[in-house]
Amino acid sequence: MIRAEENDRFLLCRIGSRIGALSLRDVRETMRPLPVEPLPGSPAFVLGLAIVRGAPTPVVDASQLLGPSTPPCTQYSSPSASRFVSIKLGERTAVLAVDAVLDVRSLSAGMLADIPPLLQGGGAELVSVIGALDTKLLLVLEAARLVPDSVWNAIKTPRAFA
């Protein structure tokens with residue numbers, strides 16, 4: 001498990017009733033939502049593909065990815081996914097659909113804690129540490145684990161666009 005370093009800088013995003021934090025090292029840019037084409041056979045939290053800077057890029061719905069805190073956003077029927085956050089995954093890029101981009105902050109170690117054993121499993125592999133920011137639950141997301149290999153394989157397969 002990759003741990004957040006004390007005083008690393010994070011992009012804070014609203015995801016339903018929670019706050020998601022992405023290390024700035026993983027963030028390429030934020031943008032308005034782009035048109036999304038469904039990707040057949042992908043998990044429910046993958047909205048599909050958007051063309052970002054000329055390349056097909058998977059779009060992950062952060063609300064669906066993290067589980068039922070609020071109703072999940074859909075392609076364009078929900079006003080909640082108002083921003084896209086483009087993230088670096090090694091040589092690849094993915095987009096995280098979030099409700100809002102809030103701030104860039106350093107997070108102190110006192111704000112963060114390991115995930116309790118009771119919460120491990122399920123979607124916990126997507127979260128490196130948890131904490132609180134004001135009165136909101138804060139989840140530091142593992143960018144490298146947001147898109148499953150099956151989605152990357154579908155993007156490489158020509159029939160995925162048929």
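Residues Phe84 and Val52 are not in side-chain contact: their nearest non-hydrogen atoms beyond the backbone lie 4.5 Å or more apart. Taking 4.5 Å as the limit, every side-chain heavy atom of Ile15 sits out of range of all side-chain heavy atoms of Leu65. Put simply, the side chain of Cys13 does not reach to within 4.5 Å of the side chain of Ile19, judged on heavy atoms. Arg9 places none of its side-chain heavy atoms less than 4.5 Å from the side chain of Arg105.
Here the CG atom belonging to Asp61 is positioned 4.5 Å from the CG atom belonging to Leu47, to the nearest 0.5 angstrom. Note that the CG atom of Leu96 and the CZ atom of Phe45 stand 11.0 Å from one another [nearest 0.5 Å]. The CD1 atom of Ile87 sits 12.5 Å away from the CZ atom of Arg92 when rounded to the nearest 0.5 Å. A distance of 7.0 Å separates CZ in Arg14 from CG in Leu102, rounded to the nearest 0.5 Å. To the nearest 0.5 angstrom, Leu22 atom CG is 11.5 Å from Thr30 atom OG1.
Listed by chain and residue number, Thr93 satisfy the side chain to side chain donor-acceptor pair (under 3.5 Å) test with Arg28 (two or more places apart in sequence, or in another chain). Remark: Arg53 engages Glu29 in a salt bridge (charged side-chain N to carboxylate O under 4.0 Å, His left out) (not counting sequence neighbours).
A donor-acceptor contact shorter than 3.5 Å links the side chain of Asp99 to the backbone of Gly16. The backbone N or O of Val95 sits nowhere less than 3.5 Å from a side-chain atom of Ser86 that would complete a donor-acceptor pair.
Residue Val60 comes nearest to Val147 through the heavy atom pair CG2-CG2, 3.7 Å, listed as atom of the first residue, atom of the second, then distance.
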